[in-house]
Amino acid sequence: MDSADKLSKITISLHWITAIIIMALCAIGLYMTRAEAWALYPVHKSVGVLVLFVALLRVFWRIKNGWPAAAADYTQLEQRLAKIIKWVLIIATLALPMSGMLFSGASGHGFGIFGLVIVPAQHMPGNPDQALAYSEFWAETGESLHQTAGYILIAAILLHIAGALKHHFIDRDATLKRMLGK
């Protein structure tokens, strides 16, 4: 379990595994959509499905373990901002893969985990290169939510990193050191 002086190996591991995978998926997602790198979509979807399970583990661990105690005394404003950012990160790390699955599944493109089909693709009769949506409404809703959650998550990650650097270089407290296992 976490203490005021030290975070557990589980907390640290779940944090960094989730952070690295989510940041990579965000970067790849931005690249894929701008460069139309279609070959990356199956890997992006597979890793996205898997990261949902890691994010769920992180949520269950956070519920069981609670939020880590602050490493020092902070103003009420800093405490509120930290709590808001933490909640945004938690919610967005769940919303992003779920909305991606909704978008991909409902649009008829399907998704799975490295070849294991979870929702099959649906193709236009006579044109197998064209996806046929199961539901236009849910495909559009999923796409909108996925894009919005992605940008919100990127902003929250940047604020989270800025806060960690502030703690380390300005406040000179142990917040970042704890998350690095020191």
Side-chain angles (χ1 to χ4, degrees), residues 7 10-63 67-68 70-71 74 77-107 109 111-114 118-119 138-171 173 175-181:
L7 299 178
I10 295 173
T11 295
I12 295 168
S13 297
L14 288 172
H15 174 272
W16 287 111
I17 290 168
T18 305
I20 290 166
I21 294 171
I22 287 285
M23 287 189 291
L25 284 172
C26 286
I28 291 167
L30 289 171
Y31 173 76
M32 287 181 342
T33 56
R34 283 164 177 70
E36 296 182 359
W38 311 122
L40 294 174
Y41 277 78
V43 173
H44 181 80
K45 292 178 191 183
S46 293
V47 175
V49 172
L50 292 173
V51 80
L52 177 60
F53 294 108
V54 176
L56 286 168
L57 281 173
R58 190 163 184 254
V59 167
F60 290 128
W61 177 250
R62 186 57 53 227
I63 290 168
W67 294 104
Y74 304 109
L77 177 61
E78 287 176 305
Q79 290 175 32
R80 281 192 189 131
L81 288 173
K83 186 177 265 187
I84 289 168
I85 292 300
K86 287 175 184 175
W87 276 106
V88 169
L89 288 168
I90 292 281
I91 292 167
T93 57
L94 296 172
L96 201 59
M98 288 190 295
S99 62
M101 287 185 279
L102 176 63
F103 170 37
S104 190
S107 69
H109 289 95
F111 64 89
I113 303 173
F114 298 108
I118 296 172
V119 172
W138 288 112
E140 289 173 14
T141 301
E143 181 179 24
S144 178
L145 290 171
H146 195 62
Q147 185 176 28
T148 302
Y151 287 120
I152 289 170
L153 184 57
I154 290 168
I157 289 168
L158 292 173
L159 288 170
H160 186 63
I161 292 169
L165 294 173
K166 177 205 172 278
H167 284 295
H168 190 71
F169 292 111
I170 296 172
D171 299 339
D173 64 31
T175 300
L176 183 56
K177 290 178 183 174
R178 285 190 316 175
M179 193 49 77
L180 294 172

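These numbers come from a predicted model, not from an experiment.
- In this structure, Ser107 contributes its side chain and Ser104 its backbone to a donor-acceptor pair below 3.5 Å.
- One finds the CD1 atom of Ile10 at 4.0 Å from the CH2 atom of Trp61 (value rounded to the nearest 0.5 Å).
- Rounded to the nearest 0.5 Å, atoms OG (Ser46) and CD1 (Ile118) are 8.0 Å apart.
- Across all non-hydrogen atoms, the minimal contact from Ala106 to Ala139 is CB-N, 3.5 Å.
- Under the salt bridge (Lys or Arg N to Asp or Glu O under 4.0 Å) criterion, Arg62 pairs with Asp2, not counting sequence neighbours.
- To the nearest 0.5 Å, atoms NZ (Lys83) and CH2 (Trp67) are separated by 8.5 Å.
- The CZ atom of Arg58 lies 12.0 Å from the CG atom of Leu56; values are rounded to the nearest 0.5 Å.
- In terms of heavy-atom proximity, Thr175 sits nearest to Ala71 at OG1-CB, 3.4 Å.
- Other residues, nucleotides and ligands contribute only 12 or fewer heavy atoms inside 6.0 Å of the CH2 atom of Trp138.
- Closest approach of Trp38 and Pro42 over heavy atoms only: O-CD, 3.7 Å.
- Between Pro68 and Leu7, the closest heavy-atom pair is CB-CD2, 3.6 Å.
- Side-chain rings of His44 and Phe111 stay apart, their centers remaining 6.0 Å or farther from each other.
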Let me check something: any side-chain donor-acceptor pairs from residues 150-166 under 3.5 Å, sequence neighbours excluded? List them with distances.
from	atom 1	to	atom 2	distance (Å)
Tyr151	OH	Arg34	NH2	3.1
Lys166	NZ	Glu78	OE2	2.6
Lys166	NZ	Asp171	OD1	3.0
Lys166	NZ	Asp171	OD2	2.6

Going by atom type alone, with no hydrogens or angles, which donor-acceptor pairs under 3.5 Å involve a side-chain atom of residues 19-32 and a protein atom two or more places apart or on another chain?
none

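- Legend: residues meeting side-chain hydrogen bond (donor to acceptor under 3.5 Å, both in side chains) with Gln79, ordered by chain and number and at least two apart, are absent.
- Of all the heavy atoms in Thr33 and Tyr41, the pair that sits closest is CG2-OH, 3.8 Å.
- A distance-only check finds no donor-acceptor pair linking the side chain of Ser144 to the backbone of Glu140 [under 3.5 Å].
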Practice task
For the pair Leu176 and Phe169, evaluate side chain to side chain contact (heavy atoms under 4.5 Å, CB included) and give the outcome as yes or no after the intermediate values.
Solution key: CA-CA 10 Å; Leu176 183 56; Phe169 292 111; 5.8 Å; no
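- Note: His109 NE2 to Phe103 CZ = 7.0 Å, rounded to the nearest 0.5 Å.
- Here the CG atom belonging to Leu77 is positioned 4.5 Å from the CG atom belonging to Leu81, to the nearest 0.5 angstrom.
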Identify each donor-acceptor pair in which a side-chain atom of residues 86-100 lies under 3.5 Å from a protein atom, sequence neighbours left out, and give them as a table.
from	atom 1	to	atom 2	distance (Å)
Thr93	OG1	Leu89	O	3.0
Thr93	OG1	Ile90	O	2.9
Ser99	OG	Ala95	O	2.8
Ser99	OG	Leu96	O	3.0
Ser99	OG	His146	N	3.4
Ser99	OG	His146	ND1	3.2

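- Residues forming a side-chain hydrogen bond (donor to acceptor under 3.5 Å, both in side chains) with Lys177 (at least two apart in sequence, or on another chain): none.
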